[in-house]
Amino acid sequence: MGILRDRMIEEMKLRNFSLATQESYLYAVTRLTKHYRRSPDQLDKEEIRSYLLYLTTERKLSSNTMMGQIAGLRFFYNQTLGWDETKLFIPPRKQSSPLPEIFSPNEVVRLIAAARGLKQRVLLMTTYSAGLRVSELVNLRIKDIDPERMMIRVERGKGEDCFLGGINSLVSSHPKV
């Protein structure tokens, strides 16, 4: 892929894509290239669609994996090669999005009360009340907490963005905690 690969990397860097996204997109195009043993710019729309069908039916890739493959290929053909959507038409995939399980206030209290010690209880309360991901909690520092405004500054979150998360007071609403 050589020149095309370099151009694709440049396009992704210009858009400030994370390193993980860059690797995922490059992987998608590399797999397509290996499948046909030809440069991806020499493939037509039907070959690309046939490859996606192969990934779905033969390889039985999960919906999320397929979405990543499609996103990588779309980026390559639309942004790097400049194909328009009519030249590369990939039909939208039905995507299931299961609803998150919402705990009742009593279940939240029981969950936090089941923690082994004070440190674990504080971590659970902070995670749940601010809606943090595990990686965000692990990277949290004392300087990121603003007790006056009841806000938490999350850096290096998903997509490496920064946001402020509010802290709900579980303690005041549930004195059993």
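Just so it is clear, the model here is predicted, and its values are computed rather than measured. Counting from 1, the numbers follow the sequence of the chain as shown.
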Q: Treat each ILVMFWY residue as a node, draw an edge where side-chain heavy atoms are under 4.5 Å apart, and state whether I48 and Y27 are in one component.
A: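 Different hydrophobic clusters.
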Q: Is the side chain of S18 donor-acceptor paired with the backbone N or O of T21 at a distance under 3.5 Å, no angle test?
A: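 A pair under 3.5 Å: yes.
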Q: Does the side chain of N78 reach to within under 4.5 Å of the side chain of D84, using non-hydrogen atoms?
A: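 With C-beta onward as the side chain, the pair stays apart.
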Q: For R59 versus R31, what's the shortest heavy-atom pair and its separation?
A: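 That closest heavy-atom pairing would be NH1-NH2, 3.9 Å.
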Q: So which heavy atom on M8 is nearest to which on F76, and how close?
A: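 Looks like SD-CD1, 3.5 Å.
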Q: Measure the spacing between OG1 of T80 and CD1 of I3 and express it to the nearest 0.5 Å.
A: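 It comes to 13.5 Å.
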Q: Say you draw a straight line from CZ of F103 to OH of Y128; how long is it, rounded to the nearest 0.5 Å?
A: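 Atom-to-atom, F103:CZ and Y128:OH are 6.5 Å apart.
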Q: So which atom in D41 and which in W83 form the shortest heavy-atom distance, rounded to 0.1 Å?
A: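 Where D41 meets W83 most closely, the heavy atoms are O-CZ2, 4.5 Å.
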Q: Looking at D144 and R141, does any basic side-chain N land under 4.0 Å from a carboxylate oxygen?
A: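 Salt bridge between D144 and R141, a charged N being under 4.0 Å from a carboxylate O: no.
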Q: For side-chain contact (heavy atoms from CB on, under 4.5 Å), just list the numbers for R133 and E136, CA-CA rounded to whole Å, side-chain angles, deciding distance to a tenth of an Å, and then say yes or no.
A: CA-CA 5 Å; R133 294 178 171 88; E136 294 166 347; 3.2 Å; yes
Q: Any chance CG of N16 has more than 12 other-residue heavy atoms, nucleotides or ligands included, within less than 6.0 Å?
A: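 Open.
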Q: So, S50 side chain and E46 main chain: donor-acceptor pair closer than 3.5 Å or not?
A: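 Judged by distance alone, no pair lies under 3.5 Å.
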Q: Over all heavy atoms of both residues, which pair between A28 and G72 is shortest? Give the atoms and the distance, please.
A: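 Taking every non-hydrogen atom into account, CB-CA, 4.3 Å.
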Q: Quick one: do T56 and L61 satisfy side-chain contact (heavy atoms from CB on, under 4.5 Å)? Show the steps, please.
A: CA-CA 6 Å; T56 302; L61 296 184; over 6 Å; no
Q: Treat each ILVMFWY residue as a node, draw an edge where side-chain heavy atoms are under 4.5 Å apart, and state whether V122 and L124 are in one component.
A: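 No, V122 does not connect to L124 through the hydrophobic network.
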Q: Taking all non-hydrogen atoms of both residues into account, name the closest pair between I112 and R121 and its distance.
A: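 Where I112 meets R121 most closely, the heavy atoms are O-CG, 3.3 Å.
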Q: Between T33 and S39, is there a side-chain heavy-atom distance shorter than 4.5 Å?
A: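 The answer is no, as the side chains (C-beta and beyond) never meet within the 4.5 Å cut-off.
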Q: Are Y25 and Y36 joined in one hydrophobic group, where the rule is that I, L, V, M, F, W and Y side chains link up if heavy atoms are under 4.5 Å apart?
A: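 Yes, because Y25 and Y36 connect within a single hydrophobic cluster, where side-chain heavy atoms sit under 4.5 Å apart.
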Q: Measuring from E47:CD to L32:CG, what's the distance to the nearest 0.5 Å?
A: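 E47 CD to L32 CG: 8.5 Å, rounded to 0.5 Å.
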Q: About how many Å separate CD of E58 and CG of L53, when rounded to the nearest 0.5 Å?
A: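 Here the interatomic distance stands at 8.0 Å.
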Q: Do Y51 and Q69 have side-chain heavy atoms sitting under 4.5 Å apart?
A: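 In contact.
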Q: How many angstroms lie between atom CD1 of I9 and atom CG of L4, to the nearest 0.5 angstrom?
A: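 That separation rounds to 11.0 Å.
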Q: Answer whether the closest heavy-atom distance between the side chains of D146 and I152 falls below 4.5 Å.
A: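 Contact flag for D146/I152 side chains = no.
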Q: So L43 and R38, side-chain contact (heavy atoms from CB on, under 4.5 Å) or not? Walk me through it.
A: CA-CA 8 Å; L43 301 174; R38 291 196 338 251; 3.2 Å; yes
Q: Find the distance between CG (D44) and CZ (R49) and round it off to the nearest 0.5 Å.
A: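 If I round to the nearest 0.5 Å, the distance is 11.0 Å.
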Q: Would you mind telling me which of E10, Q79, Q22 makes a side-chain hydrogen bond (donor to acceptor under 3.5 Å, both in side chains) with R15?
A: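 Exactly one option meets the side-chain hydrogen bond (donor to acceptor under 3.5 Å, both in side chains) with R15, and it is Q79.
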Q: Mind running side-chain contact (heavy atoms from CB on, under 4.5 Å) on L81 and R7 for me, showing each step along the way?
A: CA-CA 9 Å; L81 294 183; R7 195 162 62 188; 3.6 Å; yes
Q: Check M66 against L55 and note the closest heavy-atom contact, atom names and distance.
A: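 What the structure gives for the nearest pair is SD-CB, 3.5 Å.
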Q: For the side chain of S24 and the backbone of A20, is there at least one donor-acceptor N/O pair under 3.5 Å apart?
A: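 Side chain of S24 to backbone of A20, a donor-acceptor pair under 3.5 Å: no, none is there.
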